[in-house]
Amino acid sequence: MIGKHFILTGSTSGLGKSILKQLLAKKVNVTVLVRNSEKLKDVIEKYGMSHLSIIQCDLQSTEAIYNITKQLKSQKFDGLIYCSGLGYFKTIAHHTSKEMLETYQLNVIHFNILLEILKPYLTNYPSIIGISSQAAFVTQASAAHYGASKAAFYQTLNALRIECPNYHILTVNTGPIDTPFHKKADPSNNYANKYRKIMLNADELAKKIIKGIITKQDEINQPKWMFVMLKFYQIAPRFFEQHFTKLFKNKS
């Protein structure tokens, strides 16, 4: 991947930051879209700026996304890694309109807008990597909007694979990852504390994603045991929801 150039979102924390470190360690050129570049100080101190470019962009703002073209110039990118995402572990009734809009805009709509804007700047055979969630495959109380947005994101990426055969599309569907995501999703931290032992390590997952880019994988599902369990669930989802209801209330 030496000499390749990727655009990366969500790079200031969690999985996105782990991916950024992996890319820079491999001497890959990375342009990051960030709201607060101060959060990259430790990365810059370790890896320098020779392979890193920073564009200020609030991905929750449509206007800010359109404005990035002013800083792209005539560059060409080998791919986009969309690692931005958020969700609130609340019942449908307790979501505010602001929280609902934030969830769908960042997880789905603004990805599509960003990709459309970047198309003229992509090489002929780019890689598009989307970090989704296994929440896209299961009904969960207190996570309906998060799951629905990730299901929409997953379907968008799958459709792109068919519509744009010159694109390498890699969907990454994960279970819970040990990242700051949970602090906003559930300020009580009950979910994170309860399931800490099964959470994925962001650095290890980042390595798998980089390997998936190199080997042109279509999909990564981690952890595998969770993916297999959800396959059984999808055979008769209403049956499982009715008879094992507690399993689908783990975010309450």
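Along the sequence shown, residues are numbered consecutively beginning with 1.
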Q: Any side-chain donor-acceptor pair under 3.5 Å between Tyr146 and Gln140?
A: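 No.
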Q: Should the heavy atoms of other residues, nucleotides or ligands under 6.0 Å from NZ of Lys216 be counted, would the total exceed 12?
A: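 Yes, enclosed.
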Q: A quick test of your reading: do over 12 heavy atoms of other residues, nucleotides or ligands sit less than 6.0 Å from CE of Met1?
A: yes
Q: Counting distance only, does the side-chain N/O of Glu99 pair as donor-acceptor with the main-chain N or O of Thr96 below 3.5 Å?
A: yes
Q: Do the side chain of Ser127 and the main chain of Gly79 share a donor and acceptor less than 3.5 angstrom apart?
A: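 No; zero donor-acceptor contacts below 3.5 Å.
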Q: Are the ring centres of Phe239 and His243 closer than 6.0 Å?
A: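 Yes - the distance between ring centres of Phe239 and His243 falls below the 6.0 Å cut-off.
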Q: Between Val34 and Ile54, is there a side-chain heavy-atom distance shorter than 4.5 Å?
A: yes
Q: Work out which heavy atom in Thr9 is nearest to a heavy atom in Leu59; give both atom names and the distance.
A: CB-CD1, 3.5 Å
Q: Of all the heavy-atom pairs spanning Leu33 and Cys57, show the shortest one and how long it is.
A: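 Between these two residues, the closest heavy atoms are CB-CB, 4.2 Å.
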Q: Is the closest side-chain donor-acceptor distance between Asp78 and His5 under 3.5 Å?
A: no
Q: Calculate, to the nearest 0.5 Å, the distance between atoms CD1 and CG belonging to Ile68 and Leu72 respectively.
A: 5.0 Å
Q: Strictly below 4.0 Å, N to O, side chains only: are Asp42 and Lys17 in salt-bridge contact?
A: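 The answer is yes: the pair qualifies as a salt bridge.
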Q: Between Asn107 (side chain) and Phe153 (backbone), is there a donor-acceptor pair under 3.5 Å?
A: no
Q: With sequence neighbours left out, what residues match Thr103 under side-chain hydrogen bond (donor to acceptor under 3.5 Å, both in side chains)?
A: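 With neighbours one apart ignored, the set is empty.
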Q: Under a 3.5 Å distance rule, please check whether Asp218 uses its side chain to pair with a backbone N or O of Leu170 as donor and acceptor.
A: no
Q: Determine, stepwise, if the pair Leu106 / Gln60 fulfils side chain to side chain contact (heavy atoms under 4.5 Å, CB included).
A: CA-CA 6 Å; Leu106 187 62; Gln60 292 183 337; 4.1 Å; yes
Q: Hey, what do you get for CD1 (Ile109) to CG (Leu114), rounding to the nearest 0.5 Å?
A: 13.5 Å
Q: If you look at every heavy atom in Thr245 and Glu241, which pair is closest and at what distance?
A: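 Smallest heavy-atom distance, with atoms named: OG1-O, 2.8 Å.
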Q: Distance check, rounded to the nearest 0.5 Å: Lys150 atom NZ versus Asn173 atom CG?
A: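 So the NZ of Lys150 and the CG of Asn173 are separated by 9.5 Å.
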Q: For Lys4 and Asn29, what are the C-alpha separation, side-chain angles and deciding distance, and is it a side chain to side chain contact (heavy atoms under 4.5 Å, CB included)?
A: CA-CA 6 Å; Lys4 298 284 187 180; Asn29 298 310; over 6 Å; no
Q: Check whether the ring centres of Phe6 and Phe77 lie less than 6.0 Å apart, and answer yes or no.
A: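 No, ring centres 6.0 Å or more apart.
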Q: Surrounding CG of Leu101 (heavy atoms of other residues, nucleotides or ligands, distance under 6.0 Å), is the total greater than 12?
A: yes
Q: Given side chains that start at C-beta, do those of Ile19 and Cys83 come closer than 4.5 Å, heavy atoms only?
A: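 Ile19 vs Cys83: side chains touch.
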Q: Kindly determine whether Tyr167 and Tyr125 satisfy ring pair (Phe, Tyr, Trp, His ring centres under 6.0 Å), including the steps that lead there.
A: CA-CA 5 Å; Tyr167 284 15; Tyr125 300 96; 9.4 Å; no
Q: Rounded to the nearest 0.5 Å, what's the gap from CE on Met229 to CD on Gln134? Could you check?
A: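 Between atom CE of Met229 and atom CD of Gln134 there are 10.5 Å.
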Q: Check whether any side-chain N or O of Ser11 sits under 3.5 Å from a backbone N or O of Leu20 as a donor-acceptor pair, and report yes or no.
A: no
Q: Could you measure the distance from the CD1 atom of Ile55 to the CD1 atom of Ile65? Nearest 0.5 Å is fine.
A: 12.5 Å
Q: How long is the gap from NZ on Lys208 to CG on Asn221, to the nearest 0.5 Å?
A: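 Lys208 NZ to Asn221 CG: 12.5 Å, rounded to 0.5 Å.
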Q: According to side-chain hydrogen bond (donor to acceptor under 3.5 Å, both in side chains), who are the partners of Tyr104, at least two apart in sequence or on a separate chain?
A: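 Tyr104 satisfies side-chain hydrogen bond (donor to acceptor under 3.5 Å, both in side chains) with His145 once adjacent residues are dropped.
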Q: Hey, are Tyr154 and Glu219 close enough side-chain-wise for a donor-acceptor pair under 3.5 Å?
A: yes
Q: Taking ILVMFWY side chains as joined if any heavy atoms are under 4.5 angstrom apart, and letting links pass through other members, which residues group with Phe232?
A: Val228, Ile235
